[in-house]
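A short worksheet on the structure shown next.
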Amino acid sequence: MRMEKINHSLTTVFILVGFSDHPDLKNLLFLVFFAIYLVTMMGNLGLVALIYMERRLHTPMYIFLGNLALMDSCCSCAITPKMLENFFSLDRRISLYECMAQFYFLCFAETADCFLLAAMAYDRYVAICNPLQYHTMMSKKLSIQMSIATFIASNLHSMIHVGCLLRLTFCKSNHIDHFFCDILPLYRLSCTDPFINELMIYIFSMPIQVFTIGTVLVSYFCILLTIFKMKSKDGRGKAFSTCASHFFSVSIFYICLLMYIRPFEEGNKDIPVAVFYTIIIPLLNPFIYSLRNKEVINAVKKVINSYNTFKKSSTSTAH
C-alpha cells in the first residue's frame, strides 16, 4: 500500500510526444508553425487594436468580434509557444501545473468562442429580422454586458474542469500522446477513476454546446426565412453579405469541434484535427471577418492614411 501511494504521487511531470513521428520534418514544421503563430497574433491583436481605435467600429457586432479575436490570441498563446519549444527540446517536459494552466487557458478561450459566436449570430438575427428595433434590442451597453458574462461563465467553466483534473493522480505512463495537455489524454494516464470528471463534462460542457449551437441554428433559420421573403435582390445580397463571414467562421469552428470530440474510450488519433481546431482557426478568423468587410477595410485605410500624414508632417518639420 505504501509503494502504491508513492507511485501515485510520482508523476508530476509529463512528456508531450507531439510530432515525434516526423523527426526529419522538425525544422520545416517549426518554421511553418512559427510563421502561423506570428501571423495569428498580428492579425488578431491588430484587429483588436483597430476596433478599439476606430469609433465607427464601437458597435455590438465589432465588440463581439474584438473579443473573439482576443480569445483566439489567448488560444494560440496557450498552445503554440510550448509546441514550438518542443520541436528542439530533448525531453519535451511539461510540469503538472504548467499542464493545468495550458488546459485552463485553452478551455477558457474555446468556451468564450462558443458564447461569442452565439452572441454574434443573435446580433445578425436582430439586425436582419428586426432592423427597426436593433438599437433597442442590441445596444452597446448590452453587448458589453454579454461579453462580461461570457468571460465570467468561461472562467468558471474552465476552473471547474481544472479543479476536477487536480483530483486525479497519475501513476501510469507520463507520455501524453499529443502536442498539448488535452483533457482526454490526461484521463487515460490517470490511475484515479475519471468518472466524476466525465460527469462534469456532461453536466456543464454539453449544455453550453447545446445552448450555443441552438442559438446559432435558430438565429440563422430565422435569418434565412427573412431573406427568402425579401422581394429586392439588392436587399437579399446585402443581407447575405452581412452574415456570410460569420456563418462561414461558425461552420468551420463547429465542424472541427464535432470532428475532434470523440467518446472517452477511443484512442487519440485526431492531432491533425486538433491542429486545425486550435491553431488554424485562430489564424483564419481575422481574415475571414476583414477581407470582405468594407467597414474594417475602410478603417484600415484610415489608419494607414493617418500614419502616412503623420509621417509626412514629422519629416517636413524635421527639415
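Under the ring-ring contact (aromatic ring centres under 6.0 Å, His included) criterion, the residue pairs touching residues 213-236 are Tyr220-His246, Tyr220-Phe247, with sequence neighbours excluded. Annotation: ring-ring contact (aromatic ring centres under 6.0 Å, His included) contacts involving residues 40-61, sequence neighbours excluded, are absent.
Scored by the side-chain contact (heavy atoms from CB on, under 4.5 Å) test, Leu38 finds Phe34 as partners (sequence neighbours excluded). Every residue meeting the side-chain contact (heavy atoms from CB on, under 4.5 Å) condition with Met159, not counting sequence neighbours, appears here in chain and number order: Tyr104, Asn155. In this view, Cys75 satisfies the disulfide bond (SG atoms under 2.5 Å apart) rule with no residue, not counting sequence neighbours. Legend: residues meeting disulfide bond (SG atoms under 2.5 Å apart) with Cys107, ordered by chain and number and at least two apart, are absent. Ser139 is linked by a side chain to side chain donor-acceptor pair (under 3.5 Å) to nothing, counting only residues two or more places apart in sequence or in another chain. Every residue two or more places apart in sequence or in another chain that forms a side-chain contact (heavy atoms from CB on, under 4.5 Å) with Thr150 is listed here: Ala112, Phe115, Leu116, Ser154. Here Asn44 pairs with nothing under the side chain to side chain donor-acceptor pair (under 3.5 Å) rule; sequence neighbours left out. Under the side-chain contact (heavy atoms from CB on, under 4.5 Å) criterion, Cys129 pairs with Tyr125, Cys222, Ile223, Thr226, sequence neighbours left out.
In this structure, Leu90 shares a hydrophobic cluster with no other residue, the cluster being traced through Ile, Leu, Val, Met, Phe, Trp and Tyr side chains under 4.5 angstrom apart. Grouping Ile, Leu, Val, Met, Phe, Trp and Tyr by side-chain contacts under 4.5 Å, direct or through others, leaves Val218 on its own.
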